[in-house]
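The next block holds one structure in the form of structure tokens; read it before the comments.
Keep in mind that the numbers below use all heavy atoms, side chains included, and drop hydrogens, waters and symmetry copies.
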Amino acid sequence: MALPRIISPPRLPSPLILSSQFRKTTVRAILQSKESATSLPSDASLVDFSNWLLSKGGMAPSVKPGPVPEGLGLIAQRDISRNEVVVEVPKKLWIDADTVASSEIGRLCGGLRPWVSISLFLLRERALGDASPWKPYLDVLPSSTDSTIFWSEEELSQIQGTQLLSTTIGVKEYVQSEFAKVEEEIILKSKNLFPGSITYDDFLWAFGILRSRSFSRLRGDNLALIPFADLINHNPDITSEDLAWEIKGKGLFGRDQIFALRAPLFVKSGEQVCIQYDLEKSNAELALDYGFIESNMNRETYTLTLEIAESDPFYGDKLDIVETNGLNETAYFDIVLGQTLTPQLLPYLRLVALGGTDAFLLESIFRNTIWGHLELPVSRENEEAICRVVRDACKNALSAYDTSVEEDERLMESGNLDSRMKIAVGIRAGEKRVLQQIDSIFRNRESELDGLEYYQERRLKDLGLVGDNGEIIFWES
């Protein structure tokens, strides 16, 4: 029988694996640090930024930028009604692929991914200093955020064993590979267009700015930064993304595009205007993109990664079956705390484990119906195998963490954590809770193996060869 292979997140490279004594010292140092990820811009910079918006045709009559617990935000200057437009930003102030194309580096950026070309544009304009027409906007951008891509090695050691750590490492390696290419092909060959030096850390900063400040539907090929509007912060109490913003026409025949930001709720004068960033993101995604998490079990997820091994004697048949059902050789299943398993997980597991006397289901005669059979238990041997593999994977994953759920909960209750440590403790506690939930589901399934109905019993019933009490019916001539 082929056993399902569940891919676990890698551990940190050896320079980041700390002794337990050093980890405790690190935790204390992080607990005592109360500095924010970045300092706030001066009042003069904020005034210049507001005036810059107005001078370029933008509007923000009811809000102004100011300090808030998250850093900078939009503060109501009067009571604001629900669905009221609070900021309007004309297209000429957006930073997108069109902006780059019409700039001095536009001819160099053809064919680049939008985020790469916009990153180069941001870095060039920042290097120009006072000579850049975008200086008022650049002056209010943070030097970093609490996104895990900006964490130190000591801080990353606090998410040892988590899927967020492996994702963070993967993202940084991807950004580094993209930087190496544009450095060789564009930056070093066009030093006259890029004053000063641009490093990987600069490029990572630009990437982080784009991840944290782009609106949910303005990503990918439509990626754009919307100055001033992008000061809006997230509020987890807002449970809808609707009505938050729109792109509308203005001017003669509506030809001029305007980004209009709306207040999704009534806001009192002096309070902060917020929106819901993205209802679909997990806490790990929120931490990676924005640098915060929520105390919301629907955000706590763990991704089971399964694959069909090429060494499987039935590799070709199994691959054909999963592709016919919209899946691939490697499949990802997000398990959410407090929710049932995703419907396709069990059929995929049963298929990967299929072999031995159950392999007849892989024959072509069953090709159009096999997925339906896999939605129910195939055989005791098959069901026992998937339970064992999943439980072993959960056990291995849980052993990679340096703390228990109970230890993490005590840390959270202490209230003495800085913003990044709150993220670290919340992420690792959430992942462990989901892993314990998965283990519990399959432990309960193991205890029910003798009472489950398998393919052969169902088939005999369909043929009328099994009675209501499970007895075999013998027909006499």
Side-chain angles (χ1 to χ4, degrees), residues 37-58 60 65 71-72 87 89-145 147 149-150 175-176 178-215 218 222-231 257 259:
T38 183
S39 58
L40 295 179
S42 66
D43 291 341
S45 295
L46 295 179
V47 171
D48 288 345
F49 183 40
S50 297
N51 291 337
W52 175 79
L53 175 77
L54 297 177
S55 69
K56 302 294 184 180
L72 276 183
V87 177
V89 183
K91 177 71 165 64
K92 63 183 178 181
L93 289 184
W94 305 0
I95 300 180
D96 58 10
D98 292 338
T99 311
V100 179
S102 61
S103 72
E104 289 189 52
I105 64 170
R107 60 182 177 80
L108 303 176
C109 296
L112 294 180
R113 293 180 177 87
W115 78 263
V116 175
S117 63
I118 296 174
S119 293
L120 289 175
F121 177 85
L122 284 176
L123 294 173
R124 179 178 187 274
E125 294 299 319
R126 189 173 70 164
L128 289 173
D130 292 342
S132 171
W134 299 91
K135 184 179 186 300
Y137 175 56
L138 296 169
D139 283 347
V140 304
L141 292 179
S143 58
S144 68
T145 71
S147 164
I149 66 171
F150 295 119
V175 174
Q176 191 159 28
E178 290 297 313
F179 172 69
K181 286 188 285 188
V182 297
E183 182 183 38
E184 179 182 356
E185 297 171 5
I186 296 177
I187 298 173
L188 295 179
K189 292 181 178 179
S190 308
K191 288 186 176 181
N192 60 311
L193 292 176
F194 293 96
S197 61
I198 294 177
T199 66
Y200 161 68
D201 286 339
D202 296 325
F203 199 65
L204 184 66
W205 169 81
F207 174 83
I209 289 296
L210 291 172
R211 293 280 290 201
S212 65
R213 305 182 82 84
S214 57
F215 288 83
L218 294 179
N222 298 318
L223 181 64
L225 288 176
I226 313 294
F228 207 95
D230 63 4
L231 290 176
Q257 283 189 307
F259 180 97

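Residues satisfying the side-chain contact (heavy atoms from CB on, under 4.5 Å) criterion with Ala60, sequence neighbours excluded, are Leu53, Val63, Val87, Phe228. For Glu104, the side-chain contact (heavy atoms from CB on, under 4.5 Å) partners are Arg124, Leu193, not counting sequence neighbours. Lys91 meets the side-chain contact (heavy atoms from CB on, under 4.5 Å) test with Trp94, Asp96, Asp98, Gln257; sequence neighbours excluded.
A donor-acceptor pair under 3.5 Å is absent between the side-chain atoms of Asp139 and the main chain of Pro136, judged by distance alone. Formation of a donor-acceptor pair under 3.5 Å by the Ser132 side chain with backbone atoms of Gly129 is not found in this model.
In this pair, Phe121 and Trp134 present their aromatic rings perpendicular. The plane angle is above 60°, beyond the 30 to 60° band. Aromatic ring pairs are classed by plane angle as parallel below 30°, tilted from 30° to 60° and perpendicular above 60°; the pair Phe259 and Phe215 is tilted.
Side-chain contact check for Leu231 versus Arg213: some heavy-atom pair is nearer than 4.5 Å.
Side chain to side chain, Asp48 and Ser45 fail the donor-acceptor criterion of an N or O pair below 3.5 Å.
The minimum heavy-atom distance linking Ala97 with Ile118 is given by the pair N-CD1, 4.1 Å. Closest of all the heavy-atom pairs between Phe203 and Ser119 is CE1-CB, 3.9 Å. What you find for Leu46 and Val140 is that their closest heavy atoms are CD2-CG1, 4.0 Å. Across every non-hydrogen atom of Phe194 and Leu120, the tightest pair is CE2-O, 4.1 Å.
In summary, of the residues considered (Asp201, Ile198, Leu204, Val116), a side chain to side chain contact (heavy atoms under 4.5 Å, CB included) with Phe179 occurs for Ile198 alone.
Atom OG of residue Ser117 and atom CD1 of residue Ile105 lie 7.5 Å apart, to the nearest 0.5 angstrom.
In this structure, Asn51 places its CG atom where more than 12 heavy-atom neighbours from other residues, nucleotides or ligands lie under 6.0 Å away.
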